[in-house]
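Read the structure below first, then the notes.
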Amino acid sequence: MYKILEKKEVAMRNVWYKVHAPHVARKVQPGQFVIVRAFKNGERIPLTPIMWDREEGWITLMTFIRGKTTMRMANELKVGDELLNVAGPLGNPAEMKKLGRVLAIGAYTGIVEVYPIARAWQEIGNDVTTLHVTFEPMVVMKEDFEKAVGRHIVEPVPMDMTKDMRENMKNVTKRLTEKVRELLETEHFDFVFMVGPTGDQKAVFQVVKEFGIPMEADLHPIMVDGTGMCGSCRVTVGGEVKFACIDGPGFDAYKVAWDELIARTGYYTDMEMLAMQEYMKALQGGEQ
Amino acid sequence: MAVKRKIIKERVPTPERPVEERVKSFVEVNLGYTFELAVKEAERCLQCPYDYAPCIKGCPVHINIPGFISKLVQYRDDPHRAVKEALNVIWACNSLPATTGRVCPQEDQCEMNCVMGKVGDKINIGKLERFVADYARENGIEDELLFEIVPKIEKKGQSVAIIGAGPAGLTAAGELARLGYDVTIYEALHEPGGVLMYGIPEFRLPKDIVESEIAKLKRLGVRILTDHIVGRTVTVEELLQEYDAVFIGSGAGTPRLINAPGINLNGIYTANEFLTRVNLMKAYLFPEYDTPVKVGKRVVVIGAGNTAMDAARSARRFGAEVIIAYRRGEDDVSAREEEVEHAKEEGVKFEFFVNPVEFIGDEKGNLKAVKFERMRPIEERDKRGKRKIVGTGEYVTIEADTVIIAIGKHPNRLIINTPGLKVERGRIVVDENLMTSIPGVFAGGDAIRGEATVILAMGDGRRAAKAIHEYLTRKREENA
């Protein structure tokens, strides 16, 4: 099993874990992910190793608390506890090649998945600019990025407490697309890369497309096994059905059937809400 | 005066859970024999001699069937001894009898050849095998036998890596451990068992039974590493440096899809995904278990093999109306008779000679109907002897909010990409000893067959274990 060596809430709703997983640490490359199962009755969730030490056998992961599983992990797991399963590394490593001037974008916690790739691209001689757009209290890894890449831009969006989450998230999307447009209009980039919610990826892609710059996106469809067995994560790319887990997770943004992917990603939202409500009820019941 | 043997033509039936009860739960349908019933059924066996017994010839792992059945009759006054002796006979060829007794297609194998079939009902070999395994497990007999076997194992000082903890891998592991090799299984999922865990539903094969079969292997010294994906976490080449031999039993994990518009609409599951959510992740217990599954009001299952029956019967248990749609006719259904019967009893409807051509969705990307072309059979036969079918140009649309595609699988792509490994049409090529093109690397089960049954995979596991044993014995002698 996989011991939690360190754990901390590094920003609002962003929880960072350092986990002993030598079999992953030994092999993982930028762009790959792991599947974590934290509890006996838990889901298998894909997470991306951000940093690792091959010798010491650890990896670090970040979760964004958005559903029952990530909330339970934040609430119930302590340092010294163990994750039941960390399977991987899975997926194809990001291609390591000379891309020139790269704009690597992360929305919300997506930025942490950009980190290993952006850093590796910078190391092999690319000029990497990273852009992080998120809510103000959710900014993470600012210093790490500043050390790792040529330039790191943080665009924090204030949270309007009088409005609901969906309205607030629209502001993030707006700032994201505006900033990308501004950067592409004023500077030259050879390549754009992005991780974040599928809707935001599509919105950014539509801006990038106007400039005709090549763009890759790491996709996050719903996954179960992550090894090419279930077909849950299928996505149409260039008219062909691909499995994000073994054909991806990186795909040419110009070829992705975005609307289909957005629909598939939202398929269980109602059930996720239900699971969350049940969990909250149980928590409140337990406190009485 | 010689005792004249009385022939009892009718099978002793096994009790089953009533239909109205079982369509509401995932509890096992067949309740199995009691000792008394098992003996009664065992007495019907004509005890064909070992060299002749057609049942043994029909069994891919050649279990001495009359041999184990006779023990039940011989020691009928001592159930403990009867079962222990019977289990010992079975274990000589099959280390997972609780599983095979439940999921083997006996009617096409051992039971198909049973001589009793000429005068009456064939012997219920599957249920007798299952009885022996269950009774032994529940009454500590299995433990007793293991306790006797384990200390006698002579360590060979050589090690074998096994890829995949499914039927082929588990069987090979059990055999090799008993021969004294250090065995390590590499399993990608979080639970060992492969298709036994993710694919076959609880109501046909309870998961605690699979778990106990695996616990038994661990007692034989087998080490199991879950979460290790060969091809990613570790490669075949790396395993070959660390171990003296490698066995690939990675199965056929990649689902086949239908090349029709709308295949990625919400509500269209592969059987693998649907069954994995339901069985492995226990989605039928959502939200107590966190993994959801959506089963609509109307479910169409495409395909007519055992997997299709499993998916259809699982969907029924969520309260859905379920239709199995098959492009051929009833005679070509490849699922076991018992599964088809159970499905019908549980209210699954069948639609034959329909081939899906389009999946129709609503504006939100959710499935709402499937358009099929009506097919008709022609006299010409295909390679497997099945009548060919042709389209009629007539179409029928069936409303559905869930579709489960159960039309087969391909071997997993991660392992077949190993450099130097000869692969044809996605399947690993092996010689008569199940050795691949890489010396010391063996393969079996669905990885070489495409898609077959649990018992054929187990047969391969057993054959491979024998071949690995011979290979490693030669290696030992060369080094001595």
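A note on names: the letters A, B, ... follow the listed sequences, proteins ahead of strands, and every chain is numbered from 1. All values derive from a computational prediction rather than experimental measurement. Scope of the values below: all heavy atoms of this structure, side chains included, with no hydrogens, waters or symmetry mates.
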Counting only heavy atoms closer than 4.5 Å, note whether A:Phe243 contacts chain B via side chain, backbone, both or neither. side chain
Can a salt bridge be assigned to the pair B:Asp227 and A:Arg37 using a cut-off of 4.0 Å between side-chain N and carboxylate O? no
Quick one: what part of B:Ser250 sits under 4.5 Å from any heavy atom of chain A, side chain, backbone, both or neither? neither
Pair B:Arg277-A:Ser232, side-chain contact (heavy atoms from CB on, under 4.5 Å): steps then yes or no: CA-CA 10 Å; B:Arg277 284 178 181 272; A:Ser232 174; 3.7 Å; yes
Tell me, side chain or backbone of B:Asn259 under 4.5 Å from chain A's heavy atoms, or both, or neither? neither
Which label fits A:His23 and B:His228: parallel for a plane angle under 30°, tilted from 30 to 60°, or perpendicular past 60°? parallel
Tell me, side chain or backbone of A:Gln32 under 4.5 Å from chain B's heavy atoms, or both, or neither? side chain
Would you indicate whether A:Arg54, at its atom CZ, is surrounded by more than 12 heavy atoms from other residues, nucleotides or ligands within a distance under 6.0 Å? yes
For A:Arg44, is it the side chain, the backbone, both, or neither that has a heavy atom closer than 4.5 Å to a heavy atom of chain B? both
Check each atom of A:Cys233 against the heavy atoms of chain B and say whether the ones under 4.5 Å are side chain, backbone, both or neither. neither
If you tally heavy-atom pairs under 4.5 Å between each of B:Glu288, B:Lys364, B:Lys409 and chain A, the highest tally belongs to B:Glu288
Can you tell me how far apart CG (B:Leu189) and CG (A:Asp225) are? Round to the nearest 0.5 Å. 6.0 Å
Would you call B:Lys294 and A:Asp270 a salt bridge, using N to O less than 4.0 angstrom? yes
Between A:Tyr2 and chain B, with a heavy-atom cut-off of 4.5 Å, which part of the residue counts as in contact: side chain, backbone, both or neither? side chain
Considering only heavy atoms, which portion of B:Phe286 lies under 4.5 Å from any heavy atom of chain A: side chain, backbone, both, or neither? side chain
Using non-hydrogen atoms and a 4.5 Å limit, figure out which bit of A:Val86 sits close to chain B: side chain, backbone, both or neither. backbone
Where does A:Asp259 contact chain B at under 4.5 Å (heavy atoms): side chain, backbone, both or neither? neither
Closer than 4.0 angstrom, basic N to acidic O: yes or no for B:Glu238 and A:Lys27? yes
Under 3.5 Å side-chain donor-acceptor pair for B:Thr291 and A:Glu43: no
Separation between CG (B:Asn266) and CD (A:Glu260), nearest 0.5 Å, reads 9.0 Å
